[in-house]
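To keep things clear, I will list the structure first and then write my remarks on it.
By convention in this document, chain letters (A, B, ...) are assigned in the order of the sequence lines, proteins followed by strands, and residues within each chain are numbered from 1. Just so it is clear, the structure is predicted and the values come from calculations on it, not from any experiment.
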Protein chains: 2
Amino acid sequence: MLRRMTANRGYHHGDLRRALLAAAVEAIGESGPAALSLRDLARRAGVSHAAPAHHFGDKAGLLTALAVEGFDLLAEALGRAGDDLLEIGVAYVRFAVDHRAHFEVMFAPGLYRADDPEVAAARARAGAALRGGVAARPAGPTVEPGRDALAAWSIVHGFATLRLAGALPPGSGDNPEDGARAVIRRLFE
Amino acid sequence: MLRRMTANRGYHHGDLRRALLAAAVEAIGESGPAALSLRDLARRAGVSHAAPAHHFGDKAGLLTALAVEGFDLLAEALGRAGDDLLEIGVAYVRFAVDHRAHFEVMFAPGLYRADDPEVAAARARAGAALRGGVAARPAGPTVEPGRDALAAWSIVHGFATLRLAGALPPGSGDNPEDGARAVIRRLFE
DNA sequence: ACATTATCTTGTCGTTGGCAAGATATGCTG
DNA sequence: CAGCATATCTTGCCAACGACAAGATAATGT
């Protein structure tokens with residue numbers, strides 16, 4: 001089977017599912033998740049307007065697949081950051097900035113089926129990668145793993161969300177990694 | 001002019017603008033901001049499908065008005081919390097939970113005209129109320145107002161956002177105020 | 001080779017956002 | 001109080017969308 005992964009000009013696309021997810025990332029990057037249109041994705045992929053339905057059922061199905069992909073990418077990125085909680089936090093913010101489309105969908109549960117078992121599994125993998133850094137911290141007088149993990153998650157998630165929303169004051173958000181580092185350090189001194 | 005504020009059965013509604021904003025809060029509370037439909041709001045208010053356009057221009061205009069209202073409500077709620085930064089943070093989370101519809105729109109700039117001057121003014125009022133608590137804190141060795149305000153804002157915004165997204169582990173989010181208090185304290189001990 | 005299945009197309013329906021043109025109420029000015 | 005200007009709401013329309021049904025075409029298995 002030649003040209004299995006390449007764009008196929010004939011009746012069959014070759015890898016339409018992947019092409020549609022990539023087109024969705026592109027479209028969301030341009031206009032946000034709310035303006036996403038299945039017909040636009042079909043046009044971008046060069047197929048008919050009803051082709052996406054076969055792979056994802058409906059719009060929520062496509063966004064569900066995108067959320068699963070996002071949580072897996074996040075788990076991978078956090079895993080690559082090692083055991084240092086500071087670096088994990090920086091990686092979290094970097095993921096939000098670099099994969100804005102995935103991130104926006106992942107935390108907008110009204111847009112997809114957040115109770116889907118595949119979503120729950122991917123979300124659990126990302127959660128484990130995040131909690132790993134808290135467990136590796138040196139024990140201190142006021143350390144309480146559950147609360148510390150929640151505080152760390154909250155502060156990086158809040159920083160990332162505010163930055164994506166354009167709500168940060170102009171000066172502080174120029175370089176997301178530096179800003180994240182400063183804010184996270186504030187949590188641990 | 002009798003029944004100025006009440007629902008008017010005749011050709012004119014009486015206070016359609018307010019009724020539409022209230023209907024929007026109700027509808028967003030039921031199905032989220034993405035599923036909002038101007039025609040549905042018109043039906044809820046008992047007017048024709050094109051009536052909303054006169055007051056808000058288009059859908060983004062209505063959501064812009066809702067964001068302005070939200071930032072003003074937030075500024076008021078933070079002002080009522082006093083000067084204690086902990087209580088301001090708790091009030092921020094309580095606002096997000098009690099006014100979920102406003103909050104979700106306020107921080108989804110893709111849905112409305114975030115550069116509208118009225119939005120900018122209301123946003124500035126809320127920001128001033130938030131920074132007031134940081135300025136009132138006792139000076140310490142590692143206190144740096146700009147960074148501290150950003151850290152405090154990030155942690156309460158992140159906690160609120162994660163809670164609204166249903167991403168928090170089951171046990172920790174039962175009572176939002178208690179959870180917020182514990183997380184914010186972690187920032188200042 | 002043939003049948004079965006997966007993939008994609010065409011056609012259609014109800015809903016939505018937005019615009020244009022008209023109807024009706026309100027207010028202002030003399 | 002008469003008459004005009006304005007604000008508010010309605011009806012009618014169009015293009016785009018999501019979803020569904022039915023059919024066409026390619027790939028796979030036996």
**Request:** If the plane angle is over 60° it's perpendicular, under 30° parallel, otherwise tilted; pick one for B/Phe107 and B/Tyr92.
**Result:** tilted
**Request:** Compare every heavy atom of B/Leu111 with every heavy atom of B/Pro33, then report the nearest pair and how far apart it is.
**Result:** CB-CD1, 3.7 Å
**Message:** Of the listed nucleotides (C/dC8, C/dG11, D/dC17), which one gets closest to any side-chain atom of A/Ser48?
**Reply:** C/dC8
**Request:** With salt bridge (charged side-chain N to carboxylate O under 4.0 Å, His left out) as the test, would you mind laying out the steps for B/Arg43 and B/Glu26 before giving the verdict?
**Result:** CA-CA 13 Å; B/Arg43 280 190 292 269; B/Glu26 193 178 88; over 6 Å; no
**Asked** For DNA chain D, what residues of residues 50-60 of chain B have any heavy atom nearer than 4.0 Å?
**Response** B/Ala50, B/Ala51, B/His54, B/His55
**Prompt:** Nearest-Å distance, CG (B/Leu16) to C1' (D/dT10)?
**Reply:** 12 Å
**Asked** Taking CZ from A/Arg43 and P from C/dT10, how many angstroms apart are they, rounded to a whole number?
**Response** 14 Å
**Prompt:** For the ring pair A/Phe103 and A/His157, is the centre-to-centre distance below 6.0 Å?
**Reply:** yes
**Request:** Using whole Å, report how far NE2 of A/His49 lies from P of D/dA16.
**Result:** 13 Å
**Message:** Between the side chains of A/Glu30 and A/Arg100, is the shortest nitrogen-to-carboxylate-oxygen separation below 4.0 Å, so that they form an ion pair?
**Reply:** no
**Asked** What integer distance in Å separates B/His13:NE2 from D/dT10:C1'?
**Response** 15 Å
**Item:** Presence of salt bridge, B/Arg181 and B/Glu87, under 4.0 angstrom
**Value:** yes
**Item:** DNA chain D contacts among residues 33-41 of chain A, heavy-atom distance under 4.0 Å
**Value:** A/Leu36, A/Ser37, A/Leu38, A/Arg39
